[in-house]
Amino acid sequence: MKTGSSGLLAVSGPDSDDGNGPHITVPVPPGEYVLEEARARHTYHCEWKGSQVTRTDTMAVRVLLSDTPAATWEMAFRPDDDPRLLRENGIFGFDTDGATGCFADAGAWEPLLALFEKGLIQGDPNLDPDVYEDINDSMYLLRTRDHASGGELAAFATTGDGTYPVWVGRCEAGEVVGVVVLVEGMPELLPESGATTVA
């Protein structure tokens, strides 16, 4: 995942663009960063199968900016969000109407979004593979690249429509070390379930 000279990482629903740019932006140094998924493997009793079932689900996706551990986590807000209005256990975040979110270079938001729409939604078969890459076997769906800025957009699946919280991790010095989107609630972990977490 590459961010250009804008110094802003966009986190948004690419399918819910209202013409006002990305929903959330986080200041980050320009650079190339690792995309990760957090997965949980859990076992539960499936009533319609009448047996125990083990499955692995993606709980969160992350842009890792540094190997330095996060000392604090904070919820990211849109410019108009007022934390004083947040109810207990409530969230702010980005909205999606198509079960899709993305990380992107905010400075190249419009051209990257146009490539996303052209490639995924319109299914243009003539799209240059240097600017459009399908990603398989992952919650990440595709990556688009804007050659003019060097920025990228990486789209990922969520588990449905709605609002998804964005968490920003900071090290002891206050620098951003990771940006996380929770795409699924944690499964209920019971001692007899044998649930384990995998990276």
Side-chain angles (χ1 to χ4, degrees), residues 1 9-26 35-49 53-64 73-81 83 85-104 106 109 112-123 132-144 152-169 178-190 193 195-199:
M1 168 76 220
L9 174 68
V11 191
S12 193
D15 57 310
S16 302
D17 184 59
D18 55 9
N20 294 322
H23 297 171
I24 291 172
T25 58
V26 179
L35 296 172
E36 295 182 323
E37 294 180 60
R39 296 176 178 174
R41 184 172 57 248
H42 57 107
T43 301
Y44 63 97
H45 180 76
C46 179
E47 291 195 16
W48 68 274
K49 281 191 171 183
V53 174
T54 298
R55 57 182 287 172
T56 300
D57 294 321
T58 296
M59 302 289 108
V61 291
R62 172 172 77 169
V63 175
L64 182 65
W73 290 94
E74 62 195 41
M75 189 182 297
F77 300 113
R78 298 189 196 193
D80 295 333
D81 288 339
L85 303 179
L86 196 60
R87 297 181 178 181
E88 186 177 357
N89 298 322
I91 59 168
F92 287 124
F94 70 85
D95 298 329
T96 174
D97 295 324
T100 308
C102 73
F103 297 115
W109 176 250
L112 288 169
L113 191 63
L115 286 170
F116 168 83
E117 292 175 349
K118 187 174 184 180
L120 184 69
I121 298 173
Q122 298 174 12
Y132 182 86
E133 174 190 357
D134 285 311
I135 304 174
N136 298 316
D137 301 322
S138 170
M139 287 293 274
Y140 292 101
L141 306 171
L142 63 95
R143 184 193 320 252
T144 61
E152 294 183 341
L153 178 150
F156 54 85
T158 63
T159 52
D161 298 346
T163 301
Y164 287 83
V166 179
W167 292 92
V168 179
V179 179
V180 174
V181 174
L182 301 179
V183 296
E184 176 65 277
M186 286 297 293
E188 185 177 0
L189 302 180
L190 302 174
S193 71
T196 57
T197 301
V198 296

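The aromatic rings of His23 and Phe94 lie tilted to each other, with the angle between the two planes from 30° to 60°. Between Phe156 and Tyr140, the ring planes are perpendicular. Angles over 60° get that label, and only those under 30° would be called parallel.
In plain terms, the two heavy atoms of Glu152 and Met1 that are nearest each other are O-CE, 3.2 Å. Shown here for Ala99 and Asp161, the closest heavy-atom pair between the two residues is N-OD1, 3.1 Å. Residues Trp73 and Gly178 come closest through the heavy atom pair CZ3-O, 4.1 Å. Taking all atoms of both residues into account, the shortest heavy-atom contact from Leu35 to Ala154 is CD1-CB, 3.6 Å. Across every non-hydrogen atom of Thr100 and Ala155, the tightest pair is CG2-CB, 4.2 Å.
A donor-acceptor pair is defined here as one N or O able to donate and one able to accept, closer than 3.5 Å; no such pair exists between the side chain of Thr158 and the backbone of Val183.
Every residue two or more places apart in sequence or in another chain that forms a side-chain hydrogen bond (donor to acceptor under 3.5 Å, both in side chains) with Thr58 is listed here: Glu37. With sequence neighbours excluded, the residues satisfying side-chain contact (heavy atoms from CB on, under 4.5 Å) with Asp81 are Phe77, Arg78, Phe92. By the side-chain contact (heavy atoms from CB on, under 4.5 Å) test, Ala114 is found to be paired with no residue, residues two or more places apart in sequence or in another chain being considered. Legend: residues meeting side-chain contact (heavy atoms from CB on, under 4.5 Å) with Ile91, ordered by chain and number and at least two apart, are Met75, Thr163, Pro165.
Screening Thr144, Thr96, Leu113 against Pro14 for a side-chain contact (heavy atoms from CB on, under 4.5 Å) leaves a single residue, Leu113.
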